Amino acid sequence: MHYWLMKSEPEAFSIDDLQAMPEQTEHWDGVRNYQARNMLRDEMKKGDLVFFYHSNCPQPAIVGIMQVVRGGYPDFTAFDPNSKHFDPHSDPDKPRWMMVDVQFVRTLKRPIPLSELRQYHELAGMQLLRKGNRLSITPLSEEQWAFILSRE
DNA sequence: GCCAACGTTGGC
DNA sequence: GCCAACGTTGGC
């Protein structure tokens, strides 16, 4: 059982969009970073819990919880020339990019902003808070997960 | 809109 | 393999 945080720009795909999907489930496509790809492929398993984080918006914040309902499998948007995530170098016989399916669990009672997360020394080791961090998927320890929920 | 940080590309 | 140039991310 692992805990994660995944970023999305709410203008592109928000937690409300996830909640509105059929089965409240969507595939998390478009990750085009090898470090994140490796986590999707090797470490994210069905049942893992994930914080939904809104990035690149007026108030960057953790806004909700989702659950992995299908572990890593090939990101088919990489094969679609009409997709903005198309990658001509990803061969369907040897897919370069991976994704998981996630299901909405709930929104937090309140969004917990990045600026607040930075103030907790308990979270000093969080990868999200590291200077220059750009990874759209980062792991959390169980302790970090529980602490954040305690601040809700 | 600015810009720091980072990843990728490609010439050599 | 090095590294400059470039593109992207994402907070502010």
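Naming convention: chains lettered A, B, ... in sequence-line order (proteins, then strands); numbering from 1 in each chain. These numbers were taken from a predicted model, which means no experiment stands behind them.
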- Query: In whole angstrom, what separates Leu135(A)'s CG from dT8(C)'s P?
  - Reply: 18 Å

- Integer-rounded Å distance: dG10(C) C1' and Leu129(A) CG: 14 Å

- Query: Whole Å only: how far is the CG atom of Leu117(A) from the C1' atom of dG10(C)?
  - Reply: 15 Å

- Whole Å only: how far is the CD atom of Glu9(A) from the P atom of dG10(C)? 7 Å

- Note on the structure: Expected list for residues 52-59 of chain A near DNA chain C, using heavy atoms below 4.0 Å, is Tyr53(A), Ser55(A), Asn56(A)

- Message: In terms of relative ring orientation, are Tyr120(A) and Phe147(A) parallel, tilted or perpendicular, with 30° and 60° separating the classes?
- Response: perpendicular

- Item | Cluster overlap Met66(A) with Tyr53(A), hydrophobic side-chain contacts below 4.5 Å | no

- Reckon Lys7(A) has a side-chain N or O less than 4.0 Å from the OP1 or OP2 of dT9(C)? no

- Task: In whole angstrom, give the distance that lies between atom CZ of Arg96(A) and atom P of dG7(B).
- Result: 17 Å

- Message: Can you tell me how far apart CG (Leu108(A)) and CG (Leu149(A)) are? Round to the nearest 0.5 Å.
- Response: 7.0 Å

- Tell me: NZ of Lys131(A) to P of dA5(B), nearest whole Å? 4 Å

- Task: Starting at atom CZ of Arg130(A), determine the distance to atom C1' of dG7(B), rounded to an integer number of angstrom.
- Result: 16 Å

- Query: Sequence neighbours excluded, which residues qualify as side chain to side chain contact (heavy atoms under 4.5 Å, CB included) partners of Val69(A)?
  - Reply: Thr25(A), Asp101(A), Gln103(A)

- If you draw a 6.0 Å radius around NE2 in His85(A), do more than 12 non-hydrogen atoms from other residues or ligands fall strictly inside? yes

- Within this structure, what is the CE-to-P distance between Met126(A) and dG11(C), rounded to whole angstrom? 12 Å

Can you give each donor-acceptor pair under 3.5 Å made by side-chain atoms of residues 5-13 of chain A, sequence neighbours left out, with the distance rounded to 0.1 Å?
| residue | atom | partner | partner atom | Å |
| --- | --- | --- | --- | --- |
| Lys7(A) | NZ | Leu135(A) | O | 3.3 |
| Ser8(A) | OG | Phe13(A) | O | 2.6 |
| Glu9(A) | OE2 | Asn56(A) | ND2 | 3.3 |

